Amino acid sequence: HESAYAVVYYSRTSGGNWNNITTWSTTGYGQATNTGTFPQSSDTAYIGDSYTIVINVACTTRTLVIGEGTSGIVEYSSAANYGLVVFSNLTINSGAALRYIGNSARAHTLHVGGSLVNSGTLDLYADADDVVNLTFNRNTASVVTGNGTFDLNRVILHKSTSTSTVDVQSATFESGIRDLVLTVGTY
């Protein structure tokens, strides 16, 4: 369930760092008002068309929606190794992307606790030493859908219980995986 203290954030500036409060608005895309800080574990983050948000720290959010149907990007910085935890659902709309395109020998992480919808681009592999490893975790069922592009390095199933599932309903998801690691859960 959603926390009573959850905040909804909208991208405000393009190229802004995730942990910079001037990157976000709590009233709408591009708006100056921010009555919170930046998205955290109980919050929802919306990245609008034409905005790029940079993951520059260990980031968390409950729900992440990238793009409004034509563009929008969330991108890992190459300054260090970073992680993004989405406790619930991750949606990448048509034309949008979640990616790492650096060339600095980085191994980032992406944890998804709920479902993953990709109608855009999920690009987690730049080259052999520049990757983002995707882990499905938590005890909730996850469903992978969408006809978007998947370029994945390691995909890890590490649910909280052996009966928690990842149900792949996207034909393009499995063809994008380089290494599948099944530890806990049902794939």
Side-chain angles (χ1 to χ4, degrees), residues 2-3 6-9 11 15-24 36-47 51-67 72-92 96-118 120-140 142 144 148-160 164 166 173 176-185 187:
E2 296 288 325
S3 167
V7 178
V8 175
Y9 288 93
S11 52
N17 290 328
W18 184 283
N19 69 335
N20 187 332
I21 62 172
T22 64
T23 299
W24 303 99
T37 56
F38 51 86
Q40 298 179 42
S41 61
S42 63
D43 302 327
T44 298
Y46 289 99
I47 313 308
Y51 290 94
T52 298
I53 304 300
V54 178
I55 296 171
N56 65 317
V57 294
C59 304
T60 62
T61 190
R62 172 154 305 284
T63 303
L64 176 58
V65 179
I66 306 171
I73 297 171
V74 172
E75 182 173 278
Y76 285 84
S77 169
S78 61
N81 294 331
Y82 301 113
L84 171 61
V85 176
V86 180
F87 285 100
S88 187
N89 300 324
L90 168 60
T91 302
I92 304 167
L98 174 56
R99 67 187 188 188
Y100 176 58
I101 57 173
N103 190 15
S104 301
R106 300 294 179 206
H108 303 292
T109 59
L110 170 61
H111 291 262
V112 177
S115 292
L116 168 61
V117 178
N118 178 23
T121 301
L122 182 57
D123 186 355
L124 304 182
Y125 184 88
D127 59 45
D129 68 349
D130 290 289
V131 298
V132 180
N133 292 317
L134 169 61
T135 300
F136 290 96
N137 60 354
R138 300 183 49 95
N139 64 354
T140 57
S142 297
V144 178
T149 301
F150 292 91
D151 192 5
L152 307 170
N153 185 53
R154 179 171 292 140
V155 174
I156 304 162
L157 175 63
H158 192 77
K159 292 293 204 172
S160 300
S164 296
V166 173
F173 177 78
I177 299 173
R178 284 173 175 73
D179 184 22
L180 179 61
V181 178
L182 307 175
T183 57
V184 178
Y187 184 84

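Worth saying up front: this structure is predicted, and the values here are computed from it rather than measured.
Minimum interatomic distance between Val184 and Ser160 (heavy atoms only, all atoms of both residues): CG1-C, 4.2 Å. The two residues Thr23 and Asn17 come nearest to each other via the heavy atoms OG1-O, 2.8 Å. Nearest heavy atoms, Val86 versus Leu110: CG2-CD1, 4.4 Å. The minimum heavy-atom distance linking Ser142 with Lys159 is given by the pair OG-NZ, 2.7 Å. Residues Trp18 and Ala45 share a closest heavy-atom pair of CH2-CB, 4.2 Å. Minimum interatomic distance between Asn118 and Thr121 (heavy atoms only, all atoms of both residues): OD1-N, 3.3 Å.
The CG atom of Asn103 lies 5.0 Å from the CG atom of Asp127; values are rounded to the nearest 0.5 Å. Taking CG from Asn19 and CD1 from Ile53, the interatomic distance works out to 11.0 Å, rounded to the nearest 0.5 Å. How far CZ of Arg178 is from CG of Asn153: 6.5 Å, rounded to the nearest 0.5 Å. Between the CD1 atom in Ile92 and the CD1 atom in Ile73 there is a gap of 11.5 Å [rounded to 0.5 Å]. The CG atom of Asn89 sits 5.0 Å away from atom OG of Ser115, with the distance rounded to the nearest 0.5 Å. Taking CG of Asp43 as the reference point, atom OG1 of Thr60 lies at 8.0 Å (rounded to 0.5 Å).
At least one donor-acceptor pair under 3.5 Å links the side chain of Ser164 to the backbone N or O of Asn139. No donor-acceptor pair closer than 3.5 Å links the side chain of Asn137 to the backbone N or O of His158. With His108 contributing its side chain and Leu124 its backbone, the two residues share no donor-acceptor pair below 3.5 Å.
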>> Run Arg154 and Asp179 through salt bridge (charged side-chain N to carboxylate O under 4.0 Å, His left out) and show every step you take.
In response: CA-CA 5 Å; Arg154 179 171 292 140; Asp179 184 22; 2.7 Å; yes
>> If you apply the rule side chain to side chain contact (heavy atoms under 4.5 Å, CB included), what do you find for Ser78 with Tyr100, and how did you get there?
In response: CA-CA 8 Å; Ser78 61; Tyr100 176 58; 3.4 Å; yes
> Yes or no on side chain to side chain contact (heavy atoms under 4.5 Å, CB included) for Leu116 and Phe136, after CA distance, side-chain angles and deciding distance?
Replying inline: CA-CA 9 Å; Leu116 168 61; Phe136 290 96; 4.1 Å; yes
> Is there a side chain to side chain contact (heavy atoms under 4.5 Å, CB included) between Tyr9 and Thr37 once you walk through the steps?
Replying inline: CA-CA 9 Å; Tyr9 288 93; Thr37 56; 3.9 Å; yes
>> Determine whether Leu122 and Leu152 satisfy the following criterion, side chain to side chain contact (heavy atoms under 4.5 Å, CB included), listing intermediate values before the conclusion.
In response: CA-CA 8 Å; Leu122 182 57; Leu152 307 170; 3.9 Å; yes
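For residues 102-117, no pair satisfies salt bridge (charged side-chain N to carboxylate O under 4.0 Å, His left out), with sequence neighbours left out.
Considering only residues two or more places apart in sequence or on other chains, Asn81 meets the side-chain hydrogen bond (donor to acceptor under 3.5 Å, both in side chains) condition with none of them.
Among the candidates Tyr82, Tyr76, Tyr125, the single residue satisfying the side-chain contact (heavy atoms from CB on, under 4.5 Å) test with Val132 is Tyr76. For the pairing with Leu90, the side-chain contact (heavy atoms from CB on, under 4.5 Å) check across Val74, Ile66, Leu134, Val144 returns one residue only, Ile66.
Taking the six-membered ring where tryptophan is involved, the planes of Phe150 and Phe173 are perpendicular, since the angle between them exceeds 60° and thus also 30°.
Between Leu64 and Ile47 the shortest side-chain heavy-atom distance falls below 4.5 Å. Contact of the Leu180 side chain with the Tyr187 side chain is registered, since non-hydrogen atoms from C-beta on lie closer than 4.5 Å.
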